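Everything below concerns the one structure shown next.
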Amino acid sequence: MTTIELRPDQPFDLDLTLACGQAFRWEKTDGWWQGVAGGRAVRIRQDANRLTFEGGDAGFVRDYFQLDQDLNAILSSIDRDPAIGAAVRECRGLRLVRQPPWECLISYICATNTNIPAVKRRAALMAERYGRPVDGPFGRTYAFPEPEALGAVSRADLWDCKLGYRTDYVHEAAGYATEYPDWAERIAALPFEEARETLMRFRGVGPKAADCVLLFAFGFFEAFPVDVWIRRIVRETYLSDLTGKNCTPPEYERIRRFSRDYFGEYAGYAQEYLYCARGPARRPQ
DNA sequence: CGCCAGGTGGTTT
DNA sequence: AAACCACATGGC
């Protein structure tokens with residue numbers, strides 16, 4: 001059991017951070033968040049300025065929750081009008097977590113045209129069946145399966161993890177990442193737009209999924225994923241001339257470039273705060 | 001039953 | 001390039 005004191009001038013809200021739908025392998029039970037992150041089974045809770053956890057060292061926790069980012073400075077930089085200001089007030093303390101690229105990529109391939117509980121179910125099924133067992137502070141759990149493991153699974157068995165039509169995309173990505181284990185390092189070394197284009201070469205990864213992986217795994221904080229919620233919010237608040245029902249490619253480009261210019265280099269934080277403040281499921285339990 | 005959810009790929013205009 | 005359309009799944 002480890003405890004770290006949070007700096008009072010650096011806000012952090014563990015509940016918002018883990019409940020907002022950016023990462024899919026955390027559950028809260030009996031006041032503790034339990035999850036597997038980076039192959040470690042972690043159990044963690046927050047009491048005011050105190051973080052208590054088992055299963056990872058302080059360095060891991062600081063890195064995963066990006067506690068060394070100056071959140072107040074980031075929030076000041078995006079807080080440009082009353083609308084985003086309300087989201088910032090409501091969700092202050094929400095931090096973007098630094099996810100492993102492979103898990104993040106597969107999670108967001110599994111997140112197309114579906115909802116968050118379904119994505120969590122898919123990730124849990126893949127992990128329980130094909131992930132490495134990890135004995136941690138809350139019993140045995142399973143790490144997110146490595147590319148080789150998922151690549152070795154038959155299509156039928158992957159289908160059985162409720163992946164639906166995304167089955168082939170996951171299988172193909174696993175094959176590619178097995179053949180090119182440095183795929184993530186190569187993307188991390190690229191400038192933002194090139195990294196984005198490279199991610200979109202994975203079948204099943206379009207603009208939205210690519211932006212999520214860039215933001216949540218690679219630390220490109222200018223990435224601005226546009227899902228149905230964000231499109232709705234941006235249309236109602238900033239780009240009222242937008243019309244139509246679904247988001248066409250030119251519309252997606254317009255929304256993400258406007259948002260990048262308007263909110264600045266941490267536009268991704270603005271996206272997550274607007275998403276978190278959208279309404280449903282803001283806080284767990 | 002229909003509609004929606006952290007969309008994308010393939011095909012046809 | 002733009003417009004359609006299919007797509008598995010589960011909650012409501």
Side-chain angles (χ1 to χ4, degrees), chain A residues 16-26 87 91 94-97 99 101 103-126 129 153-173 176 196-218 220-237 242-256 259 267-282 284:
Chain A
L16 287 175
T17 298
L18 291 181
C20 69
Q22 52 176 327
F24 300 102
R25 298 214 58 217
W26 291 95
C91 301
L94 166 65
R95 284 176 181 270
L96 298 181
V97 302
Q99 300 185 39
E103 174 177 344
C104 190
L105 175 70
I106 296 304
S107 296
Y108 281 94
I109 286 177
C110 292
T112 62
N113 198 28
T114 188
N115 50 36
I116 290 171
V119 182
K120 293 173 83 168
R121 188 174 313 115
R122 292 174 185 131
L125 283 171
M126 284 188 281
R129 295 178 182 179
V153 179
S154 73
R155 255 99 167 172
D157 287 341
L158 268 187
W159 183 274
D160 213 42
C161 296
K162 308 301 181 187
L163 303 194
Y165 63 88
R166 310 160 190 84
T167 295
D168 282 352
Y169 306 153
V170 171
H171 198 265
E172 282 178 26
Y176 183 88
R196 192 168 185 270
E197 288 166 16
T198 306
L199 275 171
M200 287 173 61
R201 291 196 205 117
F202 285 98
R203 224 154 60 94
V205 177
K208 154 64 169 60
D211 285 331
C212 284
V213 177
L214 291 165
L215 181 61
F216 300 136
F218 286 103
F220 286 103
F221 298 105
E222 69 204 274
F224 194 88
V226 182
D227 59 35
V228 292
W229 295 99
I230 289 297
R231 179 180 184 273
R232 201 170 295 155
I233 292 164
V234 171
R235 184 187 57 199
E236 288 170 1
T237 312
L242 283 184
T243 175
K245 192 174 180 301
N246 48 351
C247 191
T248 64
E251 257 190 32
Y252 192 106
E253 281 301 293
R254 178 158 173 234
I255 293 172
R256 82 169 176 106
S259 303
Y269 263 93
Q271 190 273 2
E272 203 55 18
Y273 271 72
L274 291 172
Y275 184 84
C276 183
R278 93 203 100 113
R282 257 198 311 281

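The basis for the numbers below is simple: all heavy atoms, side chains too, and nothing from hydrogens, waters or symmetry mates. Labels below follow one simple rule: chain letters A, B, ... track the order of the sequence lines, proteins then strands, and each chain is numbered from 1. Everything numeric in this text was worked out from a predicted model, so none of it was measured.
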Quick one: A:Leu199 CG to B:dT8 P, roughly how many Å, whole number? 12 Å

In residues 202-212 of chain A, what residues come within less than 4.0 Å of DNA chain B, judged by heavy atoms? A:Phe202, A:Arg203, A:Gly204, A:Val205, A:Gly206, A:Pro207, A:Lys208, A:Ala209

When you check the phosphate oxygens OP1 and OP2 of B:dA5, does a side-chain N or O of A:Arg232 lie under 4.0 Å from one of them? yes

Scan nucleotides 5-12 of chain C nucleotide by nucleotide, 5' to 3', and note B when protein non-hydrogen atoms come under 4.0 Å of the base, S if they reach only the sugar-phosphate, - if neither. --BBSB--

Residue set satisfying salt bridge (charged side-chain N to carboxylate O under 4.0 Å, His left out) with A:Arg166, at least two apart, ordered chain then number -> none

Knowing that exactly one of A:Cys104, A:Pro225, A:Ser107 qualifies, which makes a side-chain contact (heavy atoms from CB on, under 4.5 Å) with A:Val213? A:Cys104

Does any non-hydrogen side-chain atom of A:Tyr108 lie less than 4.5 Å from one of A:Val119? no

Polar atom pairs (N or O), protein with nucleotides 11-13 of chain B, under 3.5 Å:
none

Starting at atom OH of A:Tyr108, determine the distance to atom P of B:dA5, rounded to an integer number of angstrom. 16 Å

Apply ring pair (Phe, Tyr, Trp, His ring centres under 6.0 Å) to A:Phe220 and list each qualifying residue two or more places apart in sequence or on a separate chain. A:Phe192

Applying salt bridge (charged side-chain N to carboxylate O under 4.0 Å, His left out), name anything that partners A:Arg232, two or more places apart in sequence or on another chain. none

Distance between P atoms of C:dA8 and B:dT11 (Å, rounded): 15 Å

Toward the 5' end of DNA chain B, by each residue's nearest nucleotide, A:Met200 or A:Ala23: A:Ala23

Partner residues of A:Arg203 under the salt bridge (charged side-chain N to carboxylate O under 4.0 Å, His left out) criterion, sequence neighbours left out: A:Glu172

Partners meeting salt bridge (charged side-chain N to carboxylate O under 4.0 Å, His left out) with A:Lys162 (sequence neighbours left out): none

Residues pairing under salt bridge (charged side-chain N to carboxylate O under 4.0 Å, His left out) where one sits in residues 108-122 of chain A, two or more places apart or in two chains, turn out to be A:Glu27-A:Lys120

Given side chains that start at C-beta, do those of A:Tyr165 and A:Thr167 come closer than 4.5 Å, heavy atoms only? no

Students often get this wrong, so: under 4.0 angstrom with heavy atoms, is A:Glu272 touching a base, only sugar-phosphate, or nothing? base

Taking the P atom in each of C:dA6 and B:dC1, what is the distance between them to the nearest angstrom? 16 Å

Hey, could you give me each pair passing salt bridge (charged side-chain N to carboxylate O under 4.0 Å, His left out) that has a residue in residues 204-218 of chain A? Not counting sequence neighbours. A:Arg196-A:Asp211

What is the distance, rounded to the nearest whole Å, between atom OH of A:Tyr252 and atom P of B:dG7? 10 Å

Please name all residues satisfying side chain to side chain donor-acceptor pair (under 3.5 Å) with A:Tyr273, sequence neighbours left out, ordered by chain then number. none

Once you round it to whole Å, what is the distance between P of B:dC4 and CD1 of A:Ile230? 19 Å

Nucleotide nearest A:Trp229 when distance is taken to its side chain, options B:dG7, B:dG9, B:dA5: B:dA5

Of all residues at least two apart in sequence or in a different chain, which pass the side chain to side chain contact (heavy atoms under 4.5 Å, CB included) check with A:Glu251? A:Arg231, A:Leu242, A:Cys247, A:Thr248

Between P on B:dT8 and CZ on A:Arg201, what's the gap in Å once rounded to a whole number? 17 Å

Using the C1' atom as the point on both nucleotides, what is the distance between C:dA3 and B:dA5, in whole Å? 22 Å

